[in-house]
Amino acid sequence: MPKYKPKGCKCGRSNAVNVIAANGSCDGAPPIPEPCFDVCTTPICGTPQYLTLLAPVVYDEIGINLCRQITLAADFATTYPNVESATAEAVSVTFSTAPGEAPAITPISGRPNCYSVTLRNLTVNFAVKLYDCAKRLITVLPVSAAYLPASGTPDYTYFDEDTNPSSVELELYSPYGVSYSAADAATPVINYVGFAAGASSPAQGLNMIIIPKVLSFDPATGEVSMGLSLYLKSIYYSQYLIPHNGRAVVPKGSLIPQEDSVCMEFVSGSLLDREIKPLELGAPHHEENLKNECENSGSCCCPGSKPNAGGGTAVTPTDPTNPPEHDVEIEIEEQSLPASSDSPDSLLNTLARLGSL
(Lines give C-alpha, C1' and ligand atoms only; values in the text may rest on other atoms or scores of the structure.)
Protein backbone atom coordinates (compact mmCIF):
# COMPACT_ATOMS: atom_id res chain seq x y z
CA MET A 1 0.00 0.00 0.00
CA PRO A 2 1.51 3.38 -0.93
CA LYS A 3 2.07 5.85 1.91
CA TYR A 4 2.14 9.60 1.78
CA LYS A 5 5.39 11.42 2.51
CA PRO A 6 5.74 15.20 2.89
CA LYS A 7 7.16 16.88 -0.15
CA GLY A 8 10.93 17.31 0.12
CA CYS A 9 11.41 14.61 2.72
CA LYS A 10 14.58 12.77 1.76
CA CYS A 11 15.55 11.27 5.07
CA GLY A 12 14.89 7.78 6.29
CA ARG A 13 13.58 6.55 9.60
CA SER A 14 17.01 6.64 11.22
CA ASN A 15 17.39 10.38 10.55
CA ALA A 16 13.92 11.21 11.83
CA VAL A 17 15.06 10.62 15.41
CA ASN A 18 17.78 13.27 15.13
CA VAL A 19 15.32 15.76 13.68
CA ILE A 20 12.90 15.14 16.54
CA ALA A 21 15.64 15.64 19.11
CA ALA A 22 16.63 18.95 17.52
CA ASN A 23 13.06 20.30 17.23
CA GLY A 24 11.14 18.71 20.05
CA SER A 25 12.12 20.96 22.96
CA CYS A 26 9.46 22.89 24.84
CA ASP A 27 11.53 25.84 26.06
CA GLY A 28 8.88 28.42 25.17
CA ALA A 29 10.07 29.10 21.61
CA PRO A 30 8.14 27.26 18.88
CA PRO A 31 10.30 24.71 17.08
CA ILE A 32 10.84 24.92 13.35
CA PRO A 33 9.39 21.79 11.78
CA GLU A 34 11.47 20.21 9.08
CA PRO A 35 10.29 17.95 6.25
CA CYS A 36 11.00 14.81 8.28
CA PHE A 37 9.71 16.04 11.66
CA ASP A 38 7.45 13.26 12.93
CA VAL A 39 4.56 14.79 14.89
CA CYS A 40 3.06 11.32 15.31
CA THR A 41 5.76 10.55 17.88
CA THR A 42 6.61 14.04 19.17
CA PRO A 43 3.96 16.80 18.93
CA ILE A 44 5.24 20.25 18.03
CA CYS A 45 5.58 22.54 21.04
CA GLY A 46 4.87 26.25 21.14
CA THR A 47 2.32 28.67 19.76
CA PRO A 48 1.16 28.71 16.12
CA GLN A 49 1.28 31.77 13.95
CA TYR A 50 -1.92 30.83 12.12
CA LEU A 51 -4.85 28.57 12.91
CA THR A 52 -7.02 26.63 10.48
CA LEU A 53 -10.66 26.81 11.56
CA LEU A 54 -13.82 25.20 10.25
CA ALA A 55 -16.48 27.81 10.98
CA PRO A 56 -20.14 28.35 10.06
CA VAL A 57 -20.07 31.29 7.67
CA VAL A 58 -23.09 33.38 6.71
CA TYR A 59 -23.18 33.66 2.92
CA ASP A 60 -26.42 35.62 2.74
CA GLU A 61 -29.17 36.78 5.07
CA ILE A 62 -32.40 38.75 5.11
CA GLY A 63 -34.74 39.75 7.89
CA ILE A 64 -38.33 40.92 8.40
CA ASN A 65 -40.38 42.22 11.33
CA LEU A 66 -43.74 40.74 12.35
CA CYS A 67 -46.18 41.58 15.15
CA ARG A 68 -49.43 40.27 16.64
CA GLN A 69 -51.45 40.24 19.87
CA ILE A 70 -51.08 37.29 22.26
CA THR A 71 -53.13 36.40 25.36
CA LEU A 72 -50.74 34.92 27.90
CA ALA A 73 -53.31 33.14 30.09
CA ALA A 74 -57.00 33.11 30.95
CA ASP A 75 -57.98 35.07 34.11
CA PHE A 76 -54.52 36.56 34.09
CA ALA A 77 -55.09 39.27 36.72
CA THR A 78 -56.54 36.74 39.16
CA THR A 79 -53.80 34.15 38.66
CA TYR A 80 -50.91 36.64 38.61
CA PRO A 81 -52.02 39.69 40.60
CA ASN A 82 -48.54 41.08 41.25
CA VAL A 83 -47.22 41.06 37.69
CA GLU A 84 -46.05 44.44 36.38
CA SER A 85 -43.89 43.62 33.34
CA ALA A 86 -42.90 40.81 30.98
CA THR A 87 -40.10 39.73 28.64
CA ALA A 88 -39.89 36.86 26.16
CA GLU A 89 -37.49 34.42 24.51
CA ALA A 90 -38.17 32.44 21.33
CA VAL A 91 -37.40 28.86 22.34
CA SER A 92 -38.34 26.99 19.15
CA VAL A 93 -40.38 27.15 15.96
CA THR A 94 -42.69 24.51 14.51
CA PHE A 95 -43.16 24.46 10.75
CA SER A 96 -46.51 23.23 9.50
CA THR A 97 -46.47 20.12 7.30
CA ALA A 98 -50.02 20.47 5.98
CA PRO A 99 -50.38 20.94 2.22
CA GLY A 100 -50.36 24.62 1.35
CA GLU A 101 -49.10 25.59 4.82
CA ALA A 102 -45.55 24.21 4.87
CA PRO A 103 -42.63 26.45 3.90
CA ALA A 104 -41.71 26.26 0.21
CA ILE A 105 -38.02 26.24 -0.80
CA THR A 106 -37.37 26.21 -4.53
CA PRO A 107 -34.39 27.15 -6.72
CA ILE A 108 -35.00 30.22 -8.85
CA SER A 109 -35.31 29.34 -12.51
CA GLY A 110 -32.25 30.42 -14.50
CA ARG A 111 -30.45 31.46 -11.27
CA PRO A 112 -29.09 28.20 -9.83
CA ASN A 113 -27.22 29.84 -6.93
CA CYS A 114 -30.31 31.49 -5.43
CA TYR A 115 -33.40 30.06 -3.73
CA SER A 116 -36.88 31.43 -3.17
CA VAL A 117 -38.21 30.74 0.32
CA THR A 118 -41.92 31.17 1.13
CA LEU A 119 -42.66 31.25 4.84
CA ARG A 120 -46.16 30.69 6.26
CA ASN A 121 -47.94 29.34 9.33
CA LEU A 122 -45.01 29.43 11.77
CA THR A 123 -45.84 28.39 15.35
CA VAL A 124 -43.39 30.14 17.65
CA ASN A 125 -42.93 28.76 21.17
CA PHE A 126 -42.05 31.47 23.70
CA ALA A 127 -40.76 31.47 27.25
CA VAL A 128 -42.47 34.54 28.73
CA LYS A 129 -40.96 35.79 32.00
CA LEU A 130 -43.25 37.71 34.36
CA TYR A 131 -41.87 40.22 36.89
CA ASP A 132 -43.27 42.24 39.77
CA CYS A 133 -42.72 45.95 40.39
CA ALA A 134 -39.24 45.25 41.86
CA LYS A 135 -38.19 43.25 38.77
CA ARG A 136 -38.29 39.98 40.71
CA LEU A 137 -39.11 36.95 38.58
CA ILE A 138 -42.53 35.51 39.43
CA THR A 139 -42.83 32.74 36.87
CA VAL A 140 -41.98 31.64 33.33
CA LEU A 141 -44.93 30.90 31.09
CA PRO A 142 -44.68 28.65 28.01
CA VAL A 143 -46.73 30.38 25.32
CA SER A 144 -47.25 29.44 21.66
CA ALA A 145 -48.52 31.68 18.90
CA ALA A 146 -48.83 31.31 15.12
CA TYR A 147 -47.38 33.94 12.83
CA LEU A 148 -47.99 34.27 9.09
CA PRO A 149 -51.31 32.41 9.58
CA ALA A 150 -52.72 30.44 6.67
CA SER A 151 -56.29 31.06 5.56
CA GLY A 152 -58.75 28.83 7.37
CA THR A 153 -56.61 28.29 10.48
CA PRO A 154 -57.75 29.44 13.97
CA ASP A 155 -54.98 32.04 14.18
CA TYR A 156 -56.09 33.68 10.95
CA THR A 157 -58.07 36.09 13.16
CA TYR A 158 -54.72 37.74 13.87
CA PHE A 159 -54.05 38.25 10.17
CA ASP A 160 -52.92 41.73 9.21
CA GLU A 161 -51.67 42.61 5.78
CA ASP A 162 -49.03 44.97 7.12
CA THR A 163 -47.88 43.46 10.43
CA ASN A 164 -48.78 39.74 10.16
CA PRO A 165 -49.54 38.66 6.59
CA SER A 166 -50.41 35.11 5.56
CA SER A 167 -47.01 34.54 3.90
CA VAL A 168 -43.78 36.20 2.87
CA GLU A 169 -41.41 35.34 0.03
CA LEU A 170 -37.67 35.83 0.49
CA GLU A 171 -34.69 35.24 -1.81
CA LEU A 172 -31.31 34.04 -0.61
CA TYR A 173 -27.96 33.46 -2.25
CA SER A 174 -27.21 29.80 -1.46
CA PRO A 175 -24.35 28.66 -3.73
CA TYR A 176 -23.82 25.31 -1.96
CA GLY A 177 -27.48 24.34 -1.84
CA VAL A 178 -29.85 23.59 1.04
CA SER A 179 -30.36 20.82 3.58
CA TYR A 180 -32.91 18.03 3.26
CA SER A 181 -34.89 15.90 5.67
CA ALA A 182 -33.92 12.65 3.90
CA ALA A 183 -31.29 11.34 1.53
CA ASP A 184 -33.67 11.42 -1.43
CA ALA A 185 -33.46 15.27 -1.39
CA ALA A 186 -37.20 15.48 -1.79
CA THR A 187 -37.96 17.84 1.09
CA PRO A 188 -35.76 20.88 1.78
CA VAL A 189 -35.72 22.01 5.40
CA ILE A 190 -34.99 25.12 7.45
CA ASN A 191 -32.95 24.71 10.64
CA TYR A 192 -34.10 26.88 13.55
CA VAL A 193 -31.34 28.13 15.86
CA GLY A 194 -33.06 28.67 19.19
CA PHE A 195 -32.80 27.78 22.87
CA ALA A 196 -34.27 24.29 22.89
CA ALA A 197 -31.98 21.38 23.72
CA GLY A 198 -30.65 19.82 20.53
CA ALA A 199 -31.77 22.76 18.40
CA SER A 200 -29.39 25.55 19.33
CA SER A 201 -26.65 25.17 16.70
CA PRO A 202 -26.42 26.33 13.08
CA ALA A 203 -26.46 23.75 10.31
CA GLN A 204 -25.42 23.73 6.67
CA GLY A 205 -28.10 25.25 4.45
CA LEU A 206 -30.93 27.55 5.48
CA ASN A 207 -31.12 28.70 9.12
CA MET A 208 -33.69 30.78 10.97
CA ILE A 209 -33.15 32.94 14.05
CA ILE A 210 -35.97 34.81 15.83
CA ILE A 211 -35.55 37.65 18.33
CA PRO A 212 -38.82 38.59 20.13
CA LYS A 213 -39.75 41.75 22.00
CA VAL A 214 -42.73 42.56 24.21
CA LEU A 215 -43.91 45.86 22.72
CA SER A 216 -46.82 46.39 25.12
CA PHE A 217 -48.21 44.55 28.13
CA ASP A 218 -51.55 44.86 29.95
CA PRO A 219 -51.39 43.25 33.43
CA ALA A 220 -55.18 43.42 33.77
CA THR A 221 -55.88 41.20 30.76
CA GLY A 222 -52.55 39.46 30.10
CA GLU A 223 -52.50 40.82 26.55
CA VAL A 224 -49.12 41.51 24.94
CA SER A 225 -48.09 42.89 21.60
CA MET A 226 -45.30 40.51 20.60
CA GLY A 227 -42.94 41.71 17.93
CA LEU A 228 -40.55 39.40 16.09
CA SER A 229 -37.40 40.05 14.13
CA LEU A 230 -37.11 36.99 11.89
CA TYR A 231 -33.75 36.32 10.22
CA LEU A 232 -33.22 33.82 7.43
CA LYS A 233 -29.60 32.95 6.65
CA SER A 234 -27.72 30.66 4.28
CA ILE A 235 -24.85 29.18 6.28
CA TYR A 236 -22.06 26.83 5.22
CA TYR A 237 -19.07 25.48 7.09
CA SER A 238 -15.93 26.89 5.51
CA GLN A 239 -12.26 26.49 6.33
CA TYR A 240 -10.27 29.63 7.05
CA LEU A 241 -6.71 30.52 8.03
CA ILE A 242 -6.67 33.16 10.76
CA PRO A 243 -3.79 34.80 12.67
CA HIS A 244 -3.20 33.49 16.16
CA ASN A 245 -3.08 36.18 18.84
CA GLY A 246 -2.54 33.94 21.83
CA ARG A 247 -4.70 31.67 23.90
CA ALA A 248 -7.52 33.19 25.91
CA VAL A 249 -7.05 33.34 29.66
CA VAL A 250 -10.16 32.20 31.51
CA PRO A 251 -10.91 34.25 34.65
CA LYS A 252 -10.74 32.08 37.76
CA GLY A 253 -13.71 32.14 40.08
CA SER A 254 -13.13 32.62 43.81
CA LEU A 255 -14.20 29.89 46.22
CA ILE A 256 -13.42 31.94 49.35
CA PRO A 257 -16.43 31.78 51.71
CA GLN A 258 -17.66 35.16 52.88
CA GLU A 259 -17.85 34.13 56.55
CA ASP A 260 -14.14 33.23 56.65
CA SER A 261 -12.69 35.47 53.96
CA VAL A 262 -9.94 37.05 56.10
CA CYS A 263 -8.32 33.75 57.04
CA MET A 264 -8.74 32.29 53.56
CA GLU A 265 -7.18 35.36 51.96
CA PHE A 266 -4.22 35.11 54.33
CA VAL A 267 -3.70 31.39 53.74
CA SER A 268 -3.96 31.86 49.97
CA GLY A 269 -1.77 34.94 49.94
CA SER A 270 1.97 35.58 50.05
CA LEU A 271 4.29 34.61 52.90
CA LEU A 272 5.11 37.15 55.59
CA ASP A 273 8.55 38.76 55.47
CA ARG A 274 10.07 41.30 57.86
CA GLU A 275 11.67 44.43 56.42
CA ILE A 276 13.37 45.92 59.52
CA LYS A 277 16.51 47.80 58.50
CA PRO A 278 19.82 46.88 60.16
CA LEU A 279 21.70 49.66 61.99
CA GLU A 280 24.45 51.45 60.13
CA LEU A 281 27.08 51.20 62.87
CA GLY A 282 29.17 54.19 61.89
CA ALA A 283 29.26 57.56 60.19
CA PRO A 284 27.56 59.37 58.54
CA HIS A 285 24.21 58.44 60.13
CA HIS A 286 25.63 57.34 63.54
CA GLU A 287 22.73 54.92 63.96
CA GLU A 288 24.67 53.02 66.65
CA ASN A 289 23.62 55.80 69.06
CA LEU A 290 19.96 54.87 68.56
CA LYS A 291 20.58 52.05 71.05
CA ASN A 292 20.84 54.58 73.87
CA GLU A 293 17.92 54.37 76.26
CA CYS A 294 15.54 57.31 76.13
CA GLU A 295 14.16 59.09 79.15
CA ASN A 296 10.54 58.41 80.00
CA SER A 297 9.04 61.46 78.35
CA GLY A 298 5.65 59.96 77.58
CA SER A 299 6.38 59.86 73.84
CA CYS A 300 7.87 57.27 71.55
CA CYS A 301 10.89 59.36 70.60
CA CYS A 302 13.95 60.47 72.52
CA PRO A 303 13.51 63.92 74.15
CA GLY A 304 16.96 65.11 73.19
CA SER A 305 20.38 65.00 74.84
CA LYS A 306 20.85 63.00 78.03
CA PRO A 307 23.77 63.05 80.52
CA ASN A 308 26.14 60.17 80.21
CA ALA A 309 27.15 58.06 83.13
CA GLY A 310 30.53 59.81 83.11
CA GLY A 311 28.99 63.30 83.33
CA GLY A 312 29.24 64.20 79.65
CA THR A 313 26.44 64.85 77.17
CA ALA A 314 25.13 62.05 74.94
CA VAL A 315 24.77 62.53 71.23
CA THR A 316 21.23 63.37 70.09
CA PRO A 317 19.97 60.56 67.87
CA THR A 318 19.53 61.54 64.24
CA ASP A 319 16.93 60.46 61.75
CA PRO A 320 18.47 57.55 59.77
CA THR A 321 16.71 58.71 56.64
CA ASN A 322 17.96 62.31 56.94
CA PRO A 323 21.73 62.49 57.57
CA PRO A 324 22.93 65.55 59.53
CA GLU A 325 24.04 68.49 57.49
CA HIS A 326 26.80 69.42 59.97
CA ASP A 327 29.29 67.51 62.02
CA VAL A 328 28.08 66.43 65.44
CA GLU A 329 29.63 68.49 68.19
CA ILE A 330 31.17 66.30 70.88
CA GLU A 331 32.06 67.69 74.29
CA ILE A 332 35.17 66.18 75.84
CA GLU A 333 35.97 66.29 79.52
CA GLU A 334 39.09 68.31 80.39
CA GLN A 335 40.60 65.61 82.53
CA SER A 336 40.52 63.23 79.56
CA LEU A 337 42.78 65.46 77.49
CA PRO A 338 46.48 64.57 77.65
CA ALA A 339 48.98 66.92 79.27
CA SER A 340 51.56 68.61 77.10
CA SER A 341 54.28 66.64 78.81
CA ASP A 342 52.75 63.30 77.76
CA SER A 343 54.74 61.07 75.54
CA PRO A 344 53.97 60.75 71.80
CA ASP A 345 52.47 57.30 72.47
CA SER A 346 49.96 58.76 74.87
CA LEU A 347 48.97 61.40 72.29
CA LEU A 348 48.33 58.71 69.69
CA ASN A 349 46.17 56.78 72.14
CA THR A 350 44.14 59.87 72.82
CA LEU A 351 43.58 60.55 69.12
CA ALA A 352 42.48 56.95 68.69
CA ARG A 353 39.93 57.42 71.47
CA LEU A 354 38.59 60.56 69.81
CA GLY A 355 38.23 58.77 66.52
CA SER A 356 36.09 56.04 68.04
CA LEU A 357 33.55 58.50 69.48
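Closest approach of S238 to Y240, counting heavy atoms only: CB-CE1, 3.2 Å. The shortest non-hydrogen separation linking S85 to K135 is OG-NZ, 3.4 Å. Nearest heavy-atom pair across E101 and A150 is CG-CB, 3.8 Å. Shortest non-hydrogen contact noted between F95 and M208 is CE2-CE, 3.9 Å. Heavy atoms only, all atoms of each residue included: A104 and R120 are closest at CB-NH2, 3.9 Å. The minimum heavy-atom distance between I190 and V117, with the atom names listed, is CD1-CG1, 4.0 Å.
Both Y147 and Y192 are part of a single hydrophobic cluster, where members link through side-chain heavy atoms under 4.5 Å apart. Residues L232 and Y59 are members of separate hydrophobic clusters, defined by side-chain heavy-atom contacts under 4.5 angstrom among Ile, Leu, Val, Met, Phe, Trp and Tyr. Linking Ile, Leu, Val, Met, Phe, Trp and Tyr residues whenever their side-chain heavy atoms come within less than 4.5 Å leaves L72 and V91 in two separate clusters.
Side-chain contact check for L170 versus L119: some heavy-atom pair is nearer than 4.5 Å. At a threshold of 4.5 Å between non-hydrogen side-chain atoms, the residues I209 and P202 do not count as touching. Counting heavy atoms from C-beta outward, F159 and S166 have side chains that approach closer than 4.5 Å.
A donor-acceptor pair is defined here as one N or O able to donate and one able to accept, closer than 3.5 Å; such a pair exists between the side chain of S96 and the backbone of A98. Listed for the T41 side chain is a donor-acceptor partner under 3.5 Å among the backbone atoms of D38. At distances below 3.5 Å, at least one donor-acceptor pair connects side-chain atoms of S234 with backbone N or O atoms of D60. For T153 (side chain) and P149 (main-chain N/O), no donor-acceptor pair under 3.5 Å exists by modelled atom type. Listed for the N164 side chain is a donor-acceptor partner under 3.5 Å among the backbone atoms of L148.
No more than 12 heavy atoms of other residues, nucleotides or ligands sit less than 6.0 Å from atom OH of Y176. Within 6.0 Å of the CG atom in D75, the count of heavy atoms belonging to other residues, nucleotides or ligands does not exceed 12. Annotation: Y231, atom OH; neighbour count of heavy atoms from other residues, nucleotides and ligands within 6.0 Å does not exceed 12. Enclosure of atom CZ in F195 is not indicated, since only 12 or fewer non-hydrogen atoms of other residues, nucleotides or ligands lie within 6.0 angstrom.
Side-chain contact of H285 with E280: a donor-acceptor pair under 3.5 Å is present, judged by distance alone. Side chains of T163 and D160: a donor-acceptor N/O pair is present below 3.5 angstrom, by distance only. Counting only N and O atoms by type, the side chains of T123 and T94 include no donor and acceptor under 3.5 Å apart. A donor-acceptor contact closer than 3.5 angstrom links the side chains of N207 and N191. Residues S116 and E171 have side chains that never bring a donor and an acceptor to within less than 3.5 angstrom of each other. If you check the side chains of S225 and Q69, you find a donor sitting under 3.5 Å from an acceptor.
The aromatic rings of Y80 and F76 sit tilted relative to each other, their planes meeting at an angle between 30° and 60°.
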Kindly indicate, with the supporting measurements, whether the criterion salt bridge (Lys or Arg N to Asp or Glu O under 4.0 Å) is fulfilled by E89 and K129.
-> CA-CA 8 Å; E89 295 180 41; K129 299 179 180 179; 3.0 Å; yes
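Here the two rings, on Y115 and Y173, have centers that are 6.0 Å apart or farther.
Test I62, V168, I64, I211 against L230 for side chain to side chain contact (heavy atoms under 4.5 Å, CB included) and you get one pass: I64.
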